[in-house]
Amino acid sequence: MDSGSAIWKGPLEITDSREKREAGIRGGGWALFFLLLVVGRLLLPFVPTDAGVTHSRIVESLIEGQNWGRQALVGSLAFPTLPTLGLLVTRMVARCWPFPLLGIDAVRLLVACSQAWALMYVIRTAKSGRRSWLALPLLGAFAAIPDVRDAAIALDPNWVVVVPLGGLFYHATNWHRTNALRDVIVCAMNLGLLAFAGVPGLVVALAILAVLCHNVRRFSIVAKSEQGGVKVLIWAPFCYCVCIWLLWNRLVMHDMLFGTKHLWGTVVAGGAEAFFTGSVQALGATSFVALVGGVVLVLSLWTDVHGPASCLLVGGCAAVVSHAVLRGVGAFAPGGGILVLTLAGMATALPVLQLDWGKAVCRRLFIALPSVGACVAVACFRPAPPLSSEGDYMLPAPPAEAIAGWIDRHWPDSRVTVYGVAAPAIYHDLPEKRFVAQLDFREQDFLARARREQIHLLVPPRTGVFYLIKGSHLGEIHERGRPWLLLEQTWKPGWQLWRCAVPPEGESRLRELE
Amino acid sequence: MVSTAQQSPKATRRDRYSPRGFPQAVETLVPWQRVAMVLIILGLLAAAVVDFRTELLVLNIVCSIFYLASSLYRVLMIDLSLRHEREVTISKEEIGEWTGGWPSYLIQIPMYHEGDVLPTLVKGLSQLDYPKDRLEIRLLIEEDDPETMDVAQALDLKPPFVIYPIPVSHPRTKPKACNVALANTDADFLVIFDAEDRPEKDQLKKAVLAFTKSPVKVACIQAKLNFYNPDQNFLTRCFTAEYATWFDLCLPGLDCLKAPIPLGGTSNHFKLDVLKHLGGWDEFNVTEDCDLGLRLFAAGWQTRVLDSTTWEQACPSVPFWISQRSRWVKGYMQTYLVHMRSPWSLFRRIGLWNFIQFQLLIGGTPLCQLISPFYWLLALLWLILQPVGLEVYFPGPIFAIGAVCLFAGNFIFAYTSGIACVRRGFGHLAKYGLAMPAYWVLLSIGAWKGFLQLLTRPHHWEKTKHFSNEAQGLEATMTEDA
């Protein structure tokens with residue numbers, strides 16, 4: 001070669017800008033589509049739920065800096081962190097223009113955004129643009145199932161879990177197709193977020209993580225020497241999220257395992273008969289919906305989409321089993337049904353949007369169609385309690401005014417202490433003028449407070465929602481009382497108002513008698 | 001390169017500019033910057049006297065917001081690099097099919113007291129796959145370094161190797177040596193390697209083809225750097241994870257953002273005429289490569305990242321590692337101050353978005369490393385002792401920002417180190433990526449040392465120490481390569 005001095009002059013055309021413009025237009029299009037979906041969802045009806053009210057109250061307390069808000073954010077698996085944090089963020093957004101003008105509250109916005117986001121993820125997995133339209137009739141067919149329809153209109157912040165599930169679905173599908181490292185990382189991140197979604201979320205995440213790791217090895221997605229590293233990346237976000245949840249419990253509740261103790265107490269206290277009845281009933285509630293997805297998924301295992309299908313199948317099974325077990329032991333876990341429904345919906349969408357229908361192997365899916373149809377039909381008319389009812393747990397409670405009125409007759413300066421998450425959410429009193437909220441009942445703290453001021457104690461009915469029936473202080477008080485408590489009043493179906501007989505320091509009860 | 005410390009010369013107004021026309025780091029602060037600094041310190045002292053609580057609150061708010069912005073920027077950069085393959089990739093087939101001929105190439109290797117590595121270096125560079133008649137390899141040896149000179153002469157080097165003595169003059173820095181050698185060449189391309197570097201054999205050919213594939217505006221191709229001794233100890237494992245994060249995630253991300261790219265110390269392939277036009281390196285700047293990357297960008301040139309690696313030795317000793325790091329951080333701060341001598345002019349030349357990126361990357365990196373220890377201490381205090389009264393300095397939104405940075409930001413940074421290890425092919429180091437917070441403590445120590453040196457010995461060059469096992473590592477890499 002004589003001279004290469006001119007070769008580096010290079011091409012004058014920059015192709016990047018055109019790609020960038022196209023990507024920008026595509027991104028803008030999706031953003032607009034998302035906006036349309038949110039607006040469309042906001043125009044459809046909503047039904048308020050107790051879970052929505054409870055999470056809203058927690059958020060209000062957090063914003064006001066109330067200690068109960070912080071405790072409820074981290075210390076309860078029944079009212080997990082993710083929906084509360086999601087609601088907190090949405091509340092900030094809902095305060096911005098134009099939401100206050102339109103009268104859209106935070107829970108509505110959260111549910112609408114979550115559902116729209118998840119739906120967009122599902123649509124985006126479609127193999128082609130034309131195929132993506134199939135998601136809409138599919139959604140329509142799925143909405144024919146009363147359970148799905150009822151759950152979809154429930155104003156339950158637990159709907160936020162569909163966002164990480166949607167992300168998982170989209171990226172697991174992509175990962176299977178392209179082997180891109182980013183997809184598996186986003187899958188792991190989404191599963192990490194599920195660690196903040198209560199027991200059902202934890203169980204589903206654990207199950208899917210195990211399948212993802214198995215898939216890394218089985219399908220040799222990366223070189224053998226790199227598999228260890230990929231597994232570390234897959235597990236790290238989930239483990240980290242669990243660790244920081246435990247740390248938050250240590251910081252706020254002064255007990256790392258506080259959040260798990262309620263669940264453990266429920267498991268220990270439950271009887272075999274009750275477990276059997278409860279879990280069978282819960283399985284009845286979920287089985288037909290789960291079957292719709294399950295049948296499709298089992299048959300998808302031998303197709304092009306076996307990777308994401310195996311994740312969804314194991315995740316769906318974990319969701320159904322955890323839902324049944326939690327119901328069986330009498331543990332209170334709203335949101336589990338949403339996980340089951342969403343995984344079933346995604347399972348049905350997967351082959352429709354993704355599979356190469358021309359291939360012979362897919363023909364067996366057509367065999368599945370009648371069984372799916374049968375399952376849908378049964379799901380529509382089955383005699384089981386609807387899944388959507390799990391968001392409603394509050395019993396008729398005496399109005400706050402009635403309790404305050406009763407106390408004011410003799411103890412106008414007294415305040416009522418309420419414990420747990422659900423009961424303080426009912427008697428929500430941000431300035432803590434009449435009701436003082438606390439997550440955990442500690443006898444010493446209660447007595448110390450009683451020495452500072454006159455207090456009453458409101459004990460909710462023994463249903464297992466408000467406190468543990470066996471092995472909890474409130475359960476014992478409800479049953480047998482305490483020497484330093486006087487039962488002043490009861491309301492149906494079992495609310496008890498106790499007055500603490502320990503006099504505040506410097507005050508003598510004898511003076512009252514004089 | 002040269003470890004001799006010397007006093008900063010008294011800079012006149014004219015000295016602030018290199019004879020080749022660009023602002024140089026001959027003095028740390030120009031008068032207006034000095035005045036501004038004094039005013040800021042006086043303002044802080046006065047505010048502390050009046051109401052130190054409010055002052056701390058305001059400082060905390062500013063730092064928290066800056067921290068959050070820096071974290072978000074880094075996340076964006078890393079996400080972009082994972083989304084898009086931005087490195088210029090040249091396959092073996094492309095090299096084989098190339099019929100356009102090869103341009104003349106100059107390799108400069110500045111050396112000082114590095115006679116012991118010279119035989120290995122020569123052996124490694126002899127294996128470079130590039131036509132020998134188009135190549136010149138200059139060993140830049142200081143005249144007052146007889147040890148290296150003797151070894152070089154004893155090797156009886158033949159072309160393309162050339163011994164290039166560098167006359168003794170101030171400042172005693174690596175960029176000064178490179179500038180001296182830059183004057184006498186008419187090659188088409190130039191690349192700098194360090195004495196212990198082991199570039200991939202076909203890197204020069206890849207760089208040439210990368211230039212041909214890139215737009216004409218691309219004047220520099222940065223090859224990736226990584227280490228051939230990652231498993232030596234905990235420090236080298238973390239250092240490898242950090243290098244992988246920078247070269248395999250951050251630089252491609254910066255490329256996606258079309259941001260100014262601070263060049264890595266070696267393996268920068270330049271179009272020589274552009275480099276000469278820009279005036280070469282700033283011999284007073286201790287990270288002259290970072291400064292040059294910014295000057296290239298400000299002059300309208302682009303830098304791309306090449307998918308080819310130069311293997312170096314990771315410093316396995318904590319004290320020497322801290323010294324090396326202190327130089328890098330000091331250089332970043334020098335570069336920041338030099339380019340901020342006229343902020344308005346910089347803003348006009350590079351535009352708003354790139355100006356922000358410059359603040360976050362060049363200004364933000366050392367600043368975050370300097371303030372991090374305080375926040376870690378605060379976090380530990382909060383986690384262990386839970387002192388009363390701390391909440392005054394963390395009102396709701398600032399507490400939220402702080403919590404996001406503490407719980408999410410730190411994890412994401414550590415996690416991305418793990419990602420980088422897997423991406424780079426060091427999957428077994430992914431778990432060490434997650435242990436990076438321990439390494440960040442060292443990083444902050446280095447940053448503070450660099451900051452204090454900036455005030456006391458701004459032009460002192462903390463030379464990177466090379467260790468005895470390097471020859472073994474290098475041999476091992478060469479054998480694998482072969």
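What you see is a predicted model; the values in this text were computed from it and never measured. A note on names: the letters A, B, ... follow the listed sequences, proteins ahead of strands, and every chain is numbered from 1. Just so it is clear, the values below take in all heavy atoms, side chains as well, and ignore hydrogens, waters and symmetry mates.
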SB check B:Lys213 B:Glu94 (cutoff 4.0 Å): yes

Strictly below 4.0 Å, N to O, side chains only: are B:Arg424 and B:Asp248 in salt-bridge contact? yes

Donor-acceptor contact present, side-chain B:Asp255 to main-chain B:Leu251, <3.5 Å: no

Engaged part of B:Ile221 at the chain A interface, taking heavy atoms whose separation is under 4.5 Å: neither

Would you mind checking which part of B:Leu434 comes under 4.5 Å of any heavy atom in chain A, side chain (CB onward), backbone (N, CA, C, O), both or neither? side chain

Honestly, the part of A:Met92 sitting under 4.5 Å from a heavy atom of chain B is neither

I'd like to know if B:Lys271 pairs up with B:Asp273 as an ion pair, taking the criterion as any Lys NZ or Arg NE/NH1/NH2 lying under 4.0 Å from an Asp or Glu carboxylate oxygen. no

Under 4.5 Å, heavy atom to heavy atom: which of residues 243-252 of chain A reach chain B? Give them by number, or say none. A:Ile244, A:Leu247, A:Trp248, A:Arg250, A:Leu251

Aromatic ring proximity B:Phe211/B:Phe189, centre distance under 6.0 Å: yes

Over-ring placement of B:Lys217 relative to B:Trp301, 6.0 Å and 45° cut-offs: yes

If I measure from the heavy atoms of chain A, does B:Phe399 come under 4.5 Å with its side chain, its backbone, both, or neither? neither

Greatest number of heavy atom pairs closer than 4.5 Å to chain A - which of B:Leu82, B:Thr99, B:Leu209: B:Leu82

Carboxylate-amine/guanidinium proximity below 4.0 Å for A:Asp445 and A:Arg449: no

Ion pair B:Asp307/B:Lys224, N-O distance below 4.0 Å: yes

